[in-house]
2 protein chains.
Amino acid sequence: MPMKSDSHTSGEEEVFEAYLRRQGLKYTPARRQLLRSIFAVHDHFTAEQLIERLRAENVPASKATVYRTLAVMLACGILVMHDFGEGARYYEHTFGHAHHDHFFCVGCKSIKEFRDERIEALQEEVARKMGGELLAHSLKLYGLCTGCRNDPTARERSRSATTHRG
Amino acid sequence: MPMKSDSHTSGEEEVFEAYLRRQGLKYTPARRQLLRSIFAVHDHFTAEQLIERLRAENVPASKATVYRTLAVMLACGILVMHDFGEGARYYEHTFGHAHHDHFFCVGCKSIKEFRDERIEALQEEVARKMGGELLAHSLKLYGLCTGCRNDPTARERSRSATTHRG
DNA sequence: ATAGCTGCAAATGTTTTGCAGCCCG
DNA sequence: CGGGCTGCAAAACATTTGCAGCTAT
């Protein structure tokens, strides 16, 4: 029975380790713990939030290590980064997740995912028509989620947050 | 002849001044000069680039004033801000310009504009289906422009710049 | 007059980096 | 062993802010 006892790896660990080996990098305890912590849930988190979560889980990792590890994971492709213009960047693991876009609620800062094939196709078409080679794309919708639509506080707060988004 | 000699205002100045008055703010020399400098050309610029340009034009304006003035113009709506994940934010004046999206060349950092009504409509549709209220949206295509497609240097540089974009 | 501006410098907040010591392969 | 890690603290950035003096209205 080829089954390891404490392993719940759903593939990302193998991918990451293979990537590290390929690059001549090392799969250290810190990296293993970060990987597991990050893949334990599927959400969008900032470096700061991750650091706090690690602290709560008693995983010791300095700020520097967290940033450096995130960079390696980005390069590996199991993570993507999002910038919602909130100052800090958001990260999200993507292994096993198809590409998708985001709806960012400016009221509660919650993030919803969606995917629309028609939009995907149109983006390719636009890039092709412009003579460019599309390498990545990012579509973000900013607005008020169902909950915040009826919250006057959120509506008020949202005013300044949206005037200037391109 | 109702024509002022040194005035080439195409409307943005009136809009800005009206906005300032409405808000109980002042149309100072600094603001006037910044407005004119910004509207002299239609491009995408960072705060830093604007400061340099002002310096070259012998327009004295401190960093603080530039940032503060940009904020007022954003609130006024004659300017929008873009975040291409390059660290600094880009600004673009929009008075008289319809909303459009951007193609960002990761090779030479050039920016091309485009607008696709079908995508615009689909974004509204997506937001509506999700029960949210769409306040703003941002679509960015990252890739290599025609010129950079054949530049091995750009292609190389682009590798790290795109792996991680969501 | 007076509320709002401006410049300067200092503070902020996020992310990066230099360095000395540690550790995986 | 040795090249790659790690933590710490300092640096680097873009952006914001406190304050004292200046100025439009």
Side-chain angles (χ1 to χ4, degrees), chain A residues 13 16-35 37 44-52 54-55 58-76 79-91 109 160-161 164-165, chain B residues 13 16-35 37 44-55 58-76 79 81-91 109 160-161 164-165:
Chain A
E13 199 156 343
F16 190 39
E17 190 167 2
Y19 172 80
L20 292 174
R21 199 172 345 252
R22 212 180 319 133
Q23 301 292 313
L25 305 176
K26 293 169 182 172
Y27 196 28
T28 61
R31 286 179 179 165
R32 192 187 332 270
Q33 287 185 296
L34 277 198
L35 182 78
S37 220
H44 302 76
F45 56 91
T46 64
E48 199 55 45
Q49 289 170 344
L50 176 57
I51 291 171
E52 273 182 42
L54 292 171
R55 198 169 299 149
N58 279 306
V59 175
S62 71
K63 205 187 294 186
T65 295
V66 167
Y67 276 105
R68 284 190 277 231
T69 305
L70 288 175
V72 177
M73 290 182 180
L74 287 173
C76 168
L79 217 63
V80 285
M81 197 172 71
H82 302 291
D83 200 326
F84 293 104
E86 290 288 305
R89 294 169 190 161
Y90 285 78
Y91 299 84
K109 303 196 191 315
S160 68
H164 44 279
R165 302 223 205 234
Chain B
E13 198 157 343
F16 190 40
E17 190 168 2
Y19 172 81
L20 292 174
R21 201 173 342 253
R22 212 181 317 135
Q23 302 292 314
L25 304 177
K26 294 169 182 170
Y27 196 29
T28 62
R31 285 178 180 164
R32 191 186 332 271
Q33 288 185 295
L34 277 197
L35 182 77
S37 219
H44 302 75
F45 56 90
T46 63
E48 200 55 44
Q49 289 169 346
L50 176 58
I51 291 170
E52 273 183 43
R53 193 162 83 202
L54 293 171
R55 198 169 300 150
N58 279 307
V59 175
S62 72
K63 203 187 297 185
T65 295
V66 167
Y67 276 106
R68 283 190 278 231
T69 304
L70 287 175
V72 177
M73 291 182 181
L74 287 173
C76 168
L79 217 62
M81 198 172 70
H82 301 291
D83 202 326
F84 294 104
E86 290 288 306
R89 294 168 192 160
Y90 284 78
Y91 299 84
K109 303 196 191 316
S160 67
H164 44 279
R165 305 221 203 234

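We name chains A, B, ... by the order of the sequence lines, and we start the count at 1 in each one.
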Identify whether any heavy atom of A88(A) sits under 4.0 Å from a base atom; if not, whether one sits that close to sugar-phosphate; answer base, sugar-phosphate or nothing. sugar-phosphate
How would you label the contact of R89(B) with the nucleic acid (heavy atoms, under 4.0 Å): base, sugar-phosphate, or nothing? sugar-phosphate
Between R21(A) and Y27(A), is NZ or CZ placed under 6.0 angstrom from the six-membered ring centre and within 45° of the ring axis? no
Does R53(B) make a cation-pi contact with F45(B), if we ask for NZ or CZ under 6.0 Å from the ring centre and within 45° of the axis? yes
Quick one: [X] [atom1] to [N] [atom2], roughly how many Å, whole number?
X: E86(A); N: dT15(D); atom1: CD; atom2: C1'; value: 15 Å
X: K63(B); N: dT17(D); atom1: NZ; atom2: C1'; value: 13 Å
X: Y90(B); N: dT15(D); atom1: OH; atom2: P; value: 11 Å
X: R68(A); N: dA9(D); atom1: CZ; atom2: C1'; value: 12 Å
X: L50(B); N: dA14(D); atom1: CG; atom2: P; value: 14 Å

By nearest-heavy-atom nucleotide on DNA chain D, the more 5' of Y91(B) and P29(A) is P29(A)
If only side-chain N and O atoms of Y67(B) are considered, is one of them under 4.0 Å from the OP1 or OP2 phosphate oxygen of dT15(D)? yes
Do you know the tightest heavy-atom contact between [X] and [Y]?
X: A47(A); Y: V66(A); value: O-CG1, 4.4 Å
X: L74(A); Y: L79(A); value: CD2-O, 3.4 Å
X: L34(B); Y: T65(B); value: CD1-O, 4.3 Å

Between L70(B) and Y91(B), is any pair of side-chain heavy atoms under 4.5 Å apart? yes
Hey, are the side chains of M73(A) and R31(A) touching, using non-hydrogen atoms and a 4.5 Å cut-off? no
Interatomic distance, E86(B) atom CD to D83(A) atom CG [nearest 0.5 angstrom]: 10.5 Å
Range on DNA chain C touched by chain B, heavy atoms, distance below 4.0 Å: dA3(C) to dC8(C)
Parallel, tilted or perpendicular: which describes the rings of F84(A) and Y90(A), with under 30° parallel and over 60° perpendicular? perpendicular
Could I get a table of every N or O pair under 3.5 Å where one atom is in the protein and the other is in nucleotides 2-5 of chain D?
{"residue": "dG3(D)", "atom": "N2", "partner": "K26(A)", "partner atom": "NZ", "Å": "2.5"}
{"residue": "dG3(D)", "atom": "N3", "partner": "K26(A)", "partner atom": "NZ", "Å": "3.3"}
{"residue": "dC5(D)", "atom": "OP1", "partner": "K26(A)", "partner atom": "N", "Å": "3.0"}
{"residue": "dC5(D)", "atom": "OP1", "partner": "R31(A)", "partner atom": "NH1", "Å": "2.5"}
{"residue": "dC5(D)", "atom": "OP1", "partner": "R31(A)", "partner atom": "NH2", "Å": "3.3"}

